[in-house]
**Q** 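This structure is in structure tokens; I'll ask about it shortly.
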There are 2 protein chains.
Amino acid sequence: MKEEILAAQIANQLRRNIVLGKLQPGASIKERDNAAELGVSRTPLREAIRILATEGLVELRPARSPIVAVPTIQMISDDVEVLLAVEKLSGELACARATDAEIAALAEIVADMDARFDTTDALDMFETDMGFHRAIAAASHNASLAEVHGTLLARLWRARYLAAIQKRNRARVVEHHTAIVSALQARDPALVRDAIQTHLATLRVDIVNTIEAERAVAQDSESAKSA
Amino acid sequence: MKEEILAAQIANQLRRNIVLGKLQPGASIKERDNAAELGVSRTPLREAIRILATEGLVELRPARSPIVAVPTIQMISDDVEVLLAVEKLSGELACARATDAEIAALAEIVADMDARFDTTDALDMFETDMGFHRAIAAASHNASLAEVHGTLLARLWRARYLAAIQKRNRARVVEHHTAIVSALQARDPALVRDAIQTHLATLRVDIVNTIEAERAVAQDSESAKSA
DNA sequence: CAACGATTTTCGGTATACCGATTTTGGTTA
DNA sequence: TAACCAAAATCGGTATACCGAAAATCGTTG
């Protein structure tokens with residue numbers, strides 16, 4: 001566990017806190033306070049903040065405290081749009097380059113999700129889901145693509161998490177994943193693209209709805225406070 | 001000029017040096033030496049190195065000096081593959097969202113390149129070329145997409161620069177750019193995708209050839225040294 | 001002479017100190 | 001009471017100091 005650099009560990013810790021909502025969007029991240037809290041010095045903490053900034057989870061402001069990013073609906077929508085293109089390309093390339101073992105592993109993940117359908121808690125299910133998408137990116141055998149994909153996933157992690165724990169349409173998720181795996185097994189690029197398109201188009205709607213609902217609630221408590 | 005943070009300025013400086021070959025691929029970047037050389041302390045220099053690392057221009061090694069990245073042919077090819085998808089999406093979105101002024105500006109760039117065809121030096125022409133591609137990404141009106149595009153451009157900057165200064169097929173570049181602009185003016189997404197596909201497919205070949213040639217030369221001087 | 005090993009040097013990672021800009025505050029005044 | 005201004009606290013940006021690990025050097029040995 002000591003093999004990783006301290007700044008990376010801190011970044012992981014902060015990322016968890018942001019994604020899980022322990023650090024609310026808009027909250028300021030003061031270097032001294034957080035460093036003291038985590039028992040480290042400002043230097044690696046500062047580096048961790050920069051890492052999260054490149055991931056889009058933190059917003060840097062000149063001569064001001066960094067704050068947990070408050071993505072606009074527009075930005076989230078933009079991210080999904082890019083993710084869609086990236087993942088479609090991943091799927092397409094995976095058709096040509098993925099090993100049978102990699103595709104089998106994907107099928108295994110889907111089978112697993114299906115089996116634990118209504119027994120597993122939302123967080124576990126969500127992480128399995130993310131693992132599935134990451135595995136598709138990896139199966140493209142294009143490191144650059146996988147990296148971009150990872151960045152987008154991190155940026156959308158919180159929004160997707162909020163959408164996922166409502167688990168309104170787990171059934172549809174499993175159904176979509178099944179379609180994607182089938183297309184990959186057939187190694188049919190066009191089919192894979194369609195399946196991913198369908199999946200992520202649904203996702204975009206879910207995410208935007210969830211975020212809009214969250215913003216509405218935040219708006220309410222804000223006006224209530226001023227009353 | 002003081003408005004930018006010191007680390008960003010240093011990153012710009014180092015980026016120029018790397019792209020122009022003043023810092024050769026594989027060269028180690030020692031924090032103390034370079035900091036002293038630029039008259040700054042290690043802290044902002046270190047931060048600059050991290051910035052360049054996220055751009056893929058520098059490679060971080062655990063407990064070792066960072067080195068100027070030595071991208072493999074595979075990695076460059078991967079990058080171009082992603083860039084192709086990103087730029088096709090940019091063009092497609094630009095068809096729907098770009099303002100007439102933005103498209104006119106693109107046409108202006110192409111006209112400019114065409115006019116200065118054989119009077120301008122390679123570096124100027126290259127920077128104009130890069131500006132053209134950046135403008136397409138901007139015209140997508142998708143901030144996330146433009147950002148990813150920018151990162152890929154930075155990563156490929158040196159390789160494209162080496163390919164461009166050979167200016168073997170400036171004519172073809174202008175021709176391709178003209179086709180792209182025409183398709184954008186017609187706001188025909190399929191046509192734009194095709195035009196960009198053609199342009200970047202050519203680019204990939206040029207880049208790979210150039211890098212392979214460079215590597216061959218490096219190989220030669222390496223074996224000569226050991227003789 | 002070559003292979004090896006201990007010592008010294010170098011370097012990245014981390015902590016701490018200092019500075020200037022910004023924000024907050026507390027008191028003063030209209 | 002509210003607007004304002006100056007003193008003080010806060011915080012990010014930068015410089016410097018310290019530490020342990022890796023690497024280079026050099027003497028030793030087979």
Side-chain angles (χ1 to χ4, degrees), chain A residues 1-18 22-70 222 225-227, chain B residues 1-15 17-18 23-70 222 225-227:
Chain A
M1 196 64 93
K2 277 289 298 296
E3 285 311 299
E4 209 169 25
I5 210 151
L6 186 54
Q9 298 178 40
I10 298 173
N12 290 339
Q13 178 67 41
L14 291 177
R15 192 182 299 108
R16 265 199 299 278
N17 289 344
I18 292 175
K22 288 181 145 192
L23 284 173
Q24 298 262 344
S28 72
I29 308 177
K30 302 183 210 292
E31 292 186 0
R32 280 172 237 268
D33 293 359
N34 286 72
E37 183 141 349
L38 297 174
V40 298
S41 78
R42 284 178 59 201
T43 314
L45 179 78
R46 182 182 168 79
E47 208 175 302
I49 289 177
R50 303 303 157 129
I51 293 173
L52 297 178
T54 70
E55 294 177 1
L57 292 179
V58 161
E59 183 181 344
L60 264 36
R61 307 175 300 176
R64 305 275 284 277
S65 283
I67 62 175
V68 178
V70 190
E222 190 67 23
K225 185 159 53 182
S226 70
Chain B
M1 197 62 96
K2 279 290 299 293
E3 284 311 299
E4 212 169 23
I5 210 152
L6 187 53
Q9 297 178 41
I10 298 172
N12 290 336
Q13 178 68 43
L14 290 177
R15 193 182 300 110
N17 289 344
I18 293 174
L23 284 172
Q24 300 258 342
S28 72
I29 307 178
K30 301 185 211 295
E31 292 185 359
R32 286 175 171 80
D33 293 1
N34 287 70
E37 181 140 353
L38 296 174
V40 298
S41 78
R42 284 177 59 204
T43 314
L45 180 82
R46 182 182 167 79
E47 207 175 302
I49 289 176
R50 304 302 156 132
I51 293 173
L52 296 178
T54 69
E55 294 176 1
L57 293 179
V58 161
E59 185 182 341
L60 263 35
R61 308 175 299 175
R64 303 277 285 277
S65 283
I67 61 174
V68 178
V70 190
E222 190 67 24
K225 186 159 52 184
S226 70

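Chain letters run A, B, ... following the sequence lines, proteins first, then strands; residues in each count from 1.
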**Q** For Ala8(A), enumerate each residue passing the side chain to side chain contact (heavy atoms under 4.5 Å, CB included) test, keeping only those at least two apart in sequence or located in another chain.
**A** Glu4(A), Ile5(A)
**Q** Sequence neighbours excluded, which residues qualify as side chain to side chain contact (heavy atoms under 4.5 Å, CB included) partners of Arg15(A)?
**A** Ala11(A), Asn12(A), Val19(A), Ile51(A), Leu52(A), Glu55(A), Leu57(A)
**Q** For Gln13(A), enumerate each residue passing the side chain to side chain contact (heavy atoms under 4.5 Å, CB included) test, keeping only those at least two apart in sequence or located in another chain.
**A** Arg16(A), Asn17(A), Leu38(A)
**Q** Scan nucleotides 12-17 of chain D nucleotide by nucleotide, 5' to 3', and note B when protein non-hydrogen atoms come under 4.0 Å of the base, S if they reach only the sugar-phosphate, - if neither.
**A** BBBBBB
**Q** Only pairs at least two apart or in different chains count here, so list each side-chain hydrogen bond (donor to acceptor under 3.5 Å, both in side chains) that has a residue in residues 39-49 of chain B.
**A** Arg46(A)-Glu47(B), Glu47(A)-Arg46(B), Arg50(A)-Glu47(B), Glu31(B)-Arg42(B), Glu31(B)-Arg46(B)
**Q** Going by atom type alone, with no hydrogens or angles, which donor-acceptor pairs under 3.5 Å involve a side-chain atom of residues 58-70 of chain A and a protein atom two or more places apart or on another chain?
**A**
unit_1: Arg61(A); atom_1: NE; unit_2: Ser65(A); atom_2: O; d: 2.8
unit_1: Arg61(A); atom_1: NH2; unit_2: Ser65(A); atom_2: O; d: 2.7

